[in-house]
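Only one structure is covered here, and it is reproduced in the block below.
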Amino acid sequence: MTFIPKPKIVHPALPRNARGLVRRDYEGALSTLCAGCGHDSVTAAIVEACWRQSIEPQNLVKLSGIGCSSKTTAYFVSGAHGFNSVHGRMPSIATGANAANRQLTYIGVSGDGDTLSIGLGQFCHAIRRNLDMLYIIENNGVYGLTKGQFSASADIGTRAKKGETNFQPPIDPALLAMTLGASFVARSFSGDKQQLVPLIEAGLRHRGFALIDVLSPCVTFNDHEGSTKSYAYTREHYEPAVQADFVPPEREITAEYGAGEALAVAMHDGSRIVLRKLDAGYDPTDRAAAQARVQERLMSGEYLTGLLYVGTDGGVEGGRKEFHQVNGTPEEPLNSLPYEALSPGSGGLAKLLARYR
Amino acid sequence: MEATDTSHPDYFHRVVDCQWACPAHTDVPEYIRLIAQGRFTEAYLVNRHSNVFPGILGRVCDRPCEPACRRGRVEAKPVAICRLKRVAADNRDDVSGKLPPIPKVKNGKRIACIGAGCASLTVANDLMPLGYEVTIFEQYGEPGGLMRTNIPSFRLPQTVLEDEIRMIVDMGVDLRLGSRIESMKELLGAGGFDAVFVGSGAPKGKNLDLPGRAAADANVHIGIAWLESVAFGHIERIGGRVLIIGVGNTAMDCCRSSLRLGARQVKVMARKPRGFFKASEWELEDAEEESVEIVVNRSPKAFVIEGGRLAGMTFECMEYELDARGRITAERVTGEEFIPADDVILAIGQENAFPWIESDLGIELDKWHVPKVDPVTHQSTRPGVFFGGDAAFGPKNIIWAVEHGHQAAISIHKHCQGEPVTERLAPGVNLQSRKMGMHEWSYSNDYAPVERRLMPHVSLKERFKKLNIEVELGFSAEQTAQEVQRCLNCDVQTVFAAKLCIECDACLDICPVDCLTITANGPEAELRGRLKVPARNLAQPLYVSAALPQTARVMVKDEDLCVHCGLCAERCPTAAWDMQKSHVHWPHAEDEAEASEARKPKIA
Ligand SMILES: Cc1cc2nc3c(=O)[nH]c(=O)nc-3n(C[C@H](O)[C@H](O)[C@H](O)COP(=O)(O)OP(=O)(O)OC[C@H]3O[C@@H](n4cnc5c(N)ncnc54)[C@H](O)[C@@H]3O)c2cc1C
Ligand SMILES: Cc1ncc(C[n+]2csc(CCOP(=O)(O)OP(=O)(O)O)c2C)c(N)n1
Ligand code: SF4
Ligand code: SF4
Ligand code: SF4
Ligand SMILES: [Mg+2]
């Protein structure tokens with residue numbers, strides 16, 4: 001939280017994107033989060049990614065639930081559409097919006113509380129449906145907004161600020177998403193924008209459900225010694241496995257990447273994600289192996305980070321369909337369809353009802 | 001890069017661009033804040049401490065601070081620093097009770113100053129409060145030097161000049177008007193003085209020896225001598241068509257004075273294109289506003305005489321080739337032009353002249369008649385004889401002459417106390433936090449998106465009626481209220497404590513002008529290219545922290561465009577950044593006196 005709004009002046013040398021906008025044009029309202037909250041850094045990474053992707057603000061939809069993390073959608077791209085749902089219900093809103101207009105880009109921001117406690121069922125089904133959206137969890141191991149109670153991602157043995165210890169096992173959203181068949185699963189850290197920004201770019205372009213679990217320390221209630229989600233602890237137990245770089249269609253993949261060490265995954269729109277393995281034994285395109293490896297590292301207390309799993313078939317896995325393919329949603333937004341196309345009329349209704357007689 | 005040593009007083013001083021650029025190190029942001037609070041007298045005194053003549057300088061200073069001002073890089077136009085100085089001077093109360101007290105019992109040391117220009121007056125201003133007896137010898141019947149004789153009263157009213165000179169003379173200076181020093185030998189030989197300060201200026205205007213010069217003499221004038229005659233009322237008229245040769249600041253005063261003495265058509269003749277003019281931009285603007293025509297690429301060739309009298313001048317028409325950086329690489333004469341004129345004023349420069357300094361006194365002059373003067377101590381090759389102002393290194397400006405005066409006063413004090421003149425107190429910087437609460441600072445940290453206010457002028461109809469109508473009216477209260485908010489408070493420094501940083505990125509993300517980066521260290525040139533926005537302005541330093549505790553990366557700040565909004569410090573959860581006001585302490589003679597006093601053995 002700051003007292004004065006961020007002044008509107010910009011560095012005269014700030015670069016412009018394809019739409020002629022500078023990064024600061026993608027900012028939102030003044031953040032009211034605690035100074036030093038990881039969530040603000042994630043916001044800055046989203047701003048950077050949207051700017052790099054030259055997204056048109058009016059084509060972006062920001063969705064969230066309840067929590068400090070869920071407040072952050074107000075802090076980026078003020079020209080975008082937005083919806084703050086009730087606690088844990090963001091996936092339902094995302095489903096409805098997605099069904100009504102598949103031409104927009106959907107980004108959901110949620111917390112570990114919002115997603116893994118009250119919203120766990122919704123989260124699982126959004127993955128099952130393979131909703132076409134980027135879902136970011138700002139994971140801090142606590143309910144920040146309600147003053148720091150353990151959340152479902154708190155590790156066994158982690159200690160709260162006032163001293164009590166957590167004994168219940170954590171739910172790991174990345175592992176969960178892998179088991180549920182998500183086609184893009186990543187983990188990152190609010191303090192590592194070099195890794196995070198390209199992941200957000202790739203996630204925005206991915207067709208189907210993309211999850212990024214971002215370790216995002218709560219500086220007020222969970223940044224003390226004994227916490228396993230503090231800045232210091234995260235930095236010590238953080239193991240980049242795969243660096244994913246987003247390469248837009250117009251750019252060639254060339255010399256930057258030494259032959260053999262990089263793998264390019266083509267996306268549906270011609271862009272590519274170039275994966276560079278930092279952990280030689282890790283294969284981010286093999287779901288079962290990746291899952292086993294992530295779990296194994298988690299059990300020894302390490303967070304594997306980077307693009308943990310991605311389907312290689314246009315970013316999706318062989319044969320698996322995303323939400324729009326399954327439901328045959330129309331290309332055009334519903335609000336642009338003529339009334340006759342939207343409403344079957346009384347004749348059409350009677351026909352439909354007849355099928356259930 | 002090595003971690004920046006911010007304990008070196010230059011580091012934070014340099015961040016305050018205006019103060020760093022000011023030869024006398026005037027604490028600009030401090031006085032602007034005082035003006036914002038309506039504390040004009042205090043603002044005046046802050047100025048006076050450094051620059052001695054705020055009322056004068058608030059009108060005619062060369063203002064090197066303004067091109068340096070950071071606001072000019074963040075936006076297009078710098079803060080109107082000079083104009084605000086005038087606001088303080090015009091609105092102050094009587095300060096006579098607030099000047100340093102003058103000891104009744106003198107210290108027994110007598111100082112002679114030659115010339116009553118701003119340099120000598122500053123020496124007197126600094127030494128009188130320390131108990132010295134200062135005598136100033138001035139050839140003319142009025143003190144002030146070129147400020148009196150050459151700067152026209154439509155730019156600098158005489159009352160303002162007199163007021164600020166009187167403040168110094170009233171300290172008890174023995175001012176001897178109409179007393180030209182004809183022989184340095186005599187002055188030194190008489191033995192009445194412990195030190196001599198030469199502040200006699202650079203009084204010789206350059207001549208232009210072209211065909212016809214002698215025959216045209218009655219209507220060809222040397223700029224500075226002509227202005228002097230105008231100032232003393234010896235010249236009251238000039239011909240209808242006037243040519244000014246040269247395009248420096250003297251030329252600007254000559255052309256504008258001509259308009260007030262009857263000239264109808266004034267042309268300033270420049271040898272080179274516009275980018276090469278010596279005159280300040282604002283002086284050019286003011287002259288052009290008065291319909292003075294500036295003719296470029298004309299090189300004077302001859303004075304043309306008709307019927308035994310000046311008829312005009314011929315000029316060679318020049319053409320120049322410029323390289324990509326705007327430097328002249330070749331020149332050509334493409335033709336010739338005659339321009340008729342009734343009078344010609346030569347404004348092509350000034351020189352030093354010391355016909356009254358004998359060659360056997362151990363005061364060495366070089367072949368250009370410029371004395372050999374130490375740039376720090378201002379001492380000549382003869383101990384006890386010091387030079388300052390235009391007399392020392394050739395013509396500069398008032399604010400440089402003032403700083404020379406301060407430095408020479410230190411040397412004179414040391415010389416008189418038997419201390420080595422070269423061992424001087426070093427400048428220092430104090431820092432004090434401006435934090436008042438979680439998100440509150442004791443300065444106005446918000447950025448005011450206000451454009452530079454324009455100086456209102458007396459109408460073109462009115463201003464020529466008399467020679468001494470001051471053209472600039474000064475800022476109104478409303479303009480002042482707006483302009484003060486444009487100052488970025490660059491003296492409220494961002495001070496970083498690396499050991500507290502948890503590398504949360506909050507400061508990087510909030511900085512409106514992307515000054516901050518956390519990254520791996522590297523050599524400067526490479527590091528500059530790797531910042532959030534590459535640091536291309538090499539004139540501005542980088543701050544590089546010690547290795548950060550968690551990752552051993554470094555915090556890098558590009559000082560170039562920081563608007564001192566304090567948001568980095570507000571967002572920092574650990575107070576690793578703090579906003580601290582720097583106070584630059586630039587020693588004067590009084591500080592040396594205090595230090596000499598402290599060094600004396602104490603008898604209990
Ligand atoms: C036309 C013109 C306009 C200018 N405008 C500006 C301006 O707008 N802003 C600015 O900052 N600067 C301006 N300057 C420059 C500025 O006036 C000088 O740099 C400054 O006055 C130098 O101060 P000084 O004390 O060294 O010498 P001066 O001001 O030259 O004073 C020297 C004094 O010594 C006296 N003197 C000389 N020889 C003797 C002797 N032998 N015995 C006794 N007395 C002697 C002279 O009569 C004179 O009074 C201008 C200069 C000129 C010529
Ligand atoms: C239905 C309902 N139940 C409970 C709450 C109280 N509540 C508000 S935020 C929150 C948890 C938020 O935790 P998380 O999603 O991790 O967000 P954080 O603040 O940690 O970023 C809870 C339980 C609520 N607002 N609504
Ligand atoms: S309580 Fe925690 S999660 Fe919420 S804003 Fe503060 S630091 Fe961030
Ligand atoms: S004060 Fe801090 S946040 Fe503001 S411009 Fe300077 S470095 Fe950036
Ligand atoms: S806000 Fe403070 S703790 Fe965070 S990175 Fe900046 S200096 Fe370090
Ligand atoms: Mg949380």
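Values in this document were obtained by computation on a predicted structure and should not be read as measured data. Within every chain, numbering begins at 1; the chains are lettered A, B, ... in the order of the sequence lines, protein sequences first and strands thereafter.
- Interatomic distance, CD1 of Ile510(B) versus CG of Leu30(A), reported as 6.5 Å (0.5 Å rounding).
- Taking NZ from Lys532(B) and CZ from Arg23(A), the interatomic distance works out to 5.0 Å, rounded to the nearest 0.5 Å.
- Within a 6.0 Å radius of CD in Gln194(A), no more than 12 heavy atoms belonging to other residues, nucleotides or ligands are found.
- Closest of all the heavy-atom pairs between Arg553(B) and Gly191(A) is NH2-O, 4.4 Å.
- For Arg536(B), no part sits under 4.5 Å from any heavy atom of chain A, backbone or side chain.
- If you tally non-hydrogen atom pairs under 4.5 Å between each of Asp223(A), Val219(A), Ile9(A), Val10(A) and chain B, the highest count goes to Ile9(A).
- Contact record, Asp505(B) with Ser190(A): OD2-O, 4.3 Å, taken as the closest heavy-atom pair.
- Surrounding CD of Glu526(B) are more than 12 heavy atoms belonging to other residues, nucleotides or ligands, all under 6.0 Å away.
- The distance from atom SG of Cys565(B) to atom NZ of Lys6(A), rounded to the nearest 0.5 Å, is 9.0 Å.
- Of the inter-residue distances, the one linking Thr551(B) atom OG1 with Arg235(A) atom CZ reads 6.0 Å to the nearest 0.5 angstrom.
- In terms of heavy-atom pairs under 4.5 Å with chain B, the best-connected choice from Glu236(A), Arg24(A), Lys8(A) is Arg24(A).
- Few gaps surround CD on Gln37(B); more than 12 heavy atoms of other groups in view lie less than 6.0 Å from it.
- Put simply, CG on Asp509(B) and NZ on Lys193(A) are 3.5 Å apart, with the number rounded to the nearest 0.5 Å.
- When every heavy atom of Val513(B) is checked against every heavy atom of His11(A), the shortest pair comes out as O-CD2, 3.3 Å.
- In plain terms, the two heavy atoms of Pro573(B) and Ala35(A) that are nearest each other are CB-O, 3.2 Å.
- Scanning all heavy atoms of the two residues, the minimum distance from Pro12(A) to Arg73(B) falls at CG-O, 3.9 Å.
- Around atom CD of Glu239(A), more than 12 heavy atoms belonging to other residues, nucleotides or ligands sit under 6.0 Å away.
- Across all their heavy atoms, Pro5(A) and Asp446(B) have their closest contact at O-OD1, 4.4 Å.
- At distances below 3.5 Å, at least one donor-acceptor pair connects side-chain atoms of Ser41(A) with backbone N or O atoms of Cys504(B).
- Only the backbone of Cys511(B) comes within contact range of chain A, judged by heavy atoms closer than 4.5 Å.
- Heavy-atom distances place no part of Asp560(B) under 4.5 Å from chain A, backbone and side chain included.
- Leu33(A) CG to Arg571(B) CZ: the interatomic distance, rounded to the nearest 0.5 Å, is 7.5 Å.
- For Leu561(B), the part sitting under 4.5 Å from any heavy atom of chain A is the side chain, from C-beta outward, and nothing else.
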